[in-house]
Amino acid sequence: SAEMSPRWPGTAFLSSLIVLGAVCALGAGGALVLRAEAKTNRVALSAKPRPVSYVEAKPAQYRASRSYVGTLHPWVEASVGPQLVSAYVDSVLVRPGAKVKRGDVLATLDCRNASTSLSAVAMQARAIEARQKAVEDEALRTQKLLDGGYASTNEAEQALAQSAAEAAQLEAQRATLAHTSLEVGDCVLRAPFDGEIGDRLVDPGAFARPGTAIVSVIDRSTVRFAADVPEIDFAVVTPDVPVRIHVDASGQDLEGRIARRSPHADRDVRTVHFEVDLPNPDRAIPVDTTGEVRIEFGDPVAATQIPLYAATVRGARAAVFTVDGELVHARTFAVLGEIGADLFVDQGLAPGSRVVTEGRALLSDGDRVASAKQP
């Protein structure tokens, strides 16, 4: 009889499990494919509206202006120190910020040597004066003897010559005395005008020579704003033109008028110097600080105002995107000027036009947009 092959128990069950697993795997794969297909965007991105923000252009009046940076100077400033003598500083009586009057003593020098020399020169002058008087009297007596025939002409002339020589020597000694007196006076340093102490440069014990500054005195009852402008703006800084000045140090905004303008340009850098006088009776404006002046000139013209960041400015033209319904259009306009964060263009851009502000970097002319007004 034919020999039968053995059958393992559970073979049919195992085969069913394999088939079932394969069916499940195919079903899961199909579900994943359907899910992926369902999430695929079949609409072109260019066909979708781009989200943007816009502002409405405003009507405005624009007047051309210039801004320059300059320095605020005191009306008068002086460095006080010896001009004739060299000596040790004996005392310095003031410190920065102190208010002084004209003639107030600011510092003193140890000038004992000059004082001694002054006394010696004074005594010599007195001696020469006494001798000159005696010689002069003798010349007068000789002249009388000459008139009576008791003296010769030669003796009279010699007496007169000696008297003149003594008088000249006396004048020379008096000049020396005056010079020595100036040296002694130079040992006491006084305020040349009413003002304030700006700097204290030397302390007692230091050696000061002619030209050495010991203290500085400033008068800022009036402050001078000074700046230099390009030569092409010569007509902009005409005297008596009103200006506005912002003081960086104190945050003050001041108004004034151009007081003076240089009649020529600097030969090296081709700039023109001008100054504005600012009253400062309460000493509220600090000096030797930075200020910015703004000058308006020309006649006001009608303009359209938009934010500066809503446009791309190249030279004298500004490119913007305007919203028209669901579409945007790229347009360019002539630039009139800028003030702060605002741009002024000609009224080819009609007031009330919607100008794109945010989202403009990815736009092209004719794109569809979903616009929202910027708050």
> What distance separates Gln305 CD from Phe344 CZ, expressed to the nearest 0.5 Å?
Replying inline: 4.0 Å
>> Between Arg294 and Glu296 (salt bridge meaning N to carboxylate O under 4.0 Å), is one present in this structure?
In response: yes
> If you look at every heavy atom in Ser371 and Val323, which pair is closest and at what distance?
Replying inline: OG-CG1, 4.0 Å
> Is there a chain of hydrophobic side chains (I, L, V, M, F, W, Y, each step under 4.5 Å between heavy atoms) that links Val236 to Leu336?
Replying inline: no
>> Looking at every non-hydrogen atom in both residues, tell me the closest pair between Ser364 and Phe321 and how far apart they are.
In response: C-CE2, 4.0 Å
> Is there a side-chain contact between Pro351 and Thr304, using heavy atoms and a 4.5 Å cut-off?
Replying inline: yes
>> Walk me through whether Ile218 and Asp288 qualify under side-chain contact (heavy atoms from CB on, under 4.5 Å).
In response: CA-CA 11 Å; Ile218 61 174; Asp288 296 326; 5.8 Å; no
>> Please say yes or no: joined through hydrophobic side-chain contacts below 4.5 Å, possibly via intermediate residues, are Trp75 and Phe225 part of one cluster?
In response: no
>> Once rounded to the nearest 0.5 Å, what's the spacing between atom CZ of Arg244 and atom CG of Asp253?
In response: 8.5 Å
> So, do Glu292 and Ile245 sit near enough that their side-chain heavy atoms are less than 4.5 Å apart?
Replying inline: no
>> Could you walk me through whether Val293 and Phe274 satisfy the side-chain contact (heavy atoms from CB on, under 4.5 Å) test, starting with their C-alpha distance in whole Å, then the side-chain angles of each, then the deciding distance to 0.1 Å, before giving a yes or no?
In response: CA-CA 11 Å; Val293 63; Phe274 76 96; 4.0 Å; yes
> With sequence neighbours left out, which residue pairs that include part of residues 329-354 fulfil the salt bridge (charged side-chain N to carboxylate O under 4.0 Å, His left out) condition?
Replying inline: none
> With Asp266, which residues qualify under side-chain hydrogen bond (donor to acceptor under 3.5 Å, both in side chains), at least two apart?
Replying inline: none
>> Taking atom CG as the centre, does Asp299 end up with more than 12 heavy-atom neighbours from other residues, nucleotides or ligands that are less than 6.0 angstrom away?
In response: no
> Under 4.5 Å between any side-chain heavy atoms of Ile339 and Tyr62, yes or no?
Replying inline: yes
> What heavy-atom pair brings Gly70 and Ala227 nearest, and what distance separates the two atoms?
Replying inline: CA-CB, 3.9 Å
>> Please list all pairs meeting salt bridge (charged side-chain N to carboxylate O under 4.0 Å, His left out) that have one or both residues in residues 189-212, counting only residues at least two apart or in different chains.
In response: Glu196-Arg220, Glu196-Arg283, Arg200-Asp203
> side-chain contact (heavy atoms from CB on, under 4.5 Å) between Asp248 and Thr289: does it pass, once the steps are laid out?
Replying inline: CA-CA 8 Å; Asp248 291 347; Thr289 57; over 6 Å; no
>> Can a donor-acceptor pair be found, under 3.5 Å and without considering hydrogens, that links the side chain of Arg257 to the backbone of Asp240?
In response: yes
> Is there a donor-acceptor pair under 3.5 Å between the side chain of Thr357 and the backbone N or O of Ser53?
Replying inline: yes
> Do side-chain atoms of Asn280 reach the backbone of Ile285 as a donor and acceptor pair under 3.5 angstrom?
Replying inline: yes
>> Can you list, by chain and residue number, the hydrophobic cluster partners of Val320 when the side-chain cut-off is 4.5 Å?
In response: Ile306, Leu308, Val313, Phe333, Val335, Leu343, Val345, Leu349, Val355
> Got a donor-acceptor contact below 3.5 angstrom from the Glu358 side chain to the Val356 backbone?
Replying inline: no
> Is it the case that one hydrophobic cluster holds both Phe234 and Val276, taking links as side-chain heavy atoms less than 4.5 Å apart, direct or via other members?
Replying inline: yes
> If you round to the nearest 0.5 Å, how far is CG of Leu189 from CG of Asp90?
Replying inline: 11.0 Å
> At what distance, to the nearest 0.5 angstrom, does CD of Gln83 lie from OG1 of Thr212?
Replying inline: 9.0 Å
> Could you walk me through whether Val287 and Arg224 pass the side-chain contact (heavy atoms from CB on, under 4.5 Å) check?
Replying inline: CA-CA 9 Å; Val287 294; Arg224 294 182 300 111; over 6 Å; no
> In this structure, are over 12 heavy atoms from other groups packed under 6.0 Å from Gln61 atom CD?
Replying inline: yes
>> Heavy-atom count check: over 12 atoms from other residues, nucleotides or ligands less than 6.0 Å from Arg63 CZ?
In response: yes
> Taking the side chain as C-beta and beyond, is there a heavy-atom pair between Leu106 and Ile214 under 4.5 Å?
Replying inline: no
>> Testing the basics here: between Thr290 and Val69, what is the closest heavy-atom pair and its distance to 0.1 Å?
In response: CG2-CG1, 3.6 Å
> Between Asp110 and Tyr88, is there a donor-acceptor pair closer than 3.5 Å when you use the side chain of the first and the backbone of the second?
Replying inline: no
> Does Ile295 share a hydrophobic cluster with Leu72, counting links as ILVMFWY side-chain heavy atoms below 4.5 Å and allowing steps through other members?
Replying inline: yes
>> I need the Arg270 CZ to His264 NE2 distance, nearest 0.5 Å.
In response: 11.0 Å
>> How long is the straight-line distance from OG1 of Thr322 back to CG of Leu327, given to the nearest 0.5 Å?
In response: 10.0 Å
> Does some side-chain heavy atom of Cys187 sit less than 4.5 Å from a side-chain heavy atom of Pro82?
Replying inline: no
> Would a 4.5 Å heavy-atom cut-off, applied to side chains only, mark Tyr54 and Lys373 as touching?
Replying inline: yes
>> Run the side-chain hydrogen bond (donor to acceptor under 3.5 Å, both in side chains) test against Thr108 and tell me which residues pass, sequence neighbours left out.
In response: Ser91
> Mind checking whether Val202 and Leu84 sit in one hydrophobic cluster, side chains of I, L, V, M, F, W, Y counted as touching below 4.5 Å?
Replying inline: yes
> Quick one: does Thr332's side chain get under 4.5 Å of Arg314's, heavy atoms only?
Replying inline: no
> Looking at Ala249 and Pro286, what are the two nearest heavy atoms and their distance?
Replying inline: CB-CG, 3.8 Å
> What pairs of residues pass the salt bridge (charged side-chain N to carboxylate O under 4.0 Å, His left out) test when at least one of them lies in residues 226-239, not counting sequence neighbours?
Replying inline: Arg66-Asp233
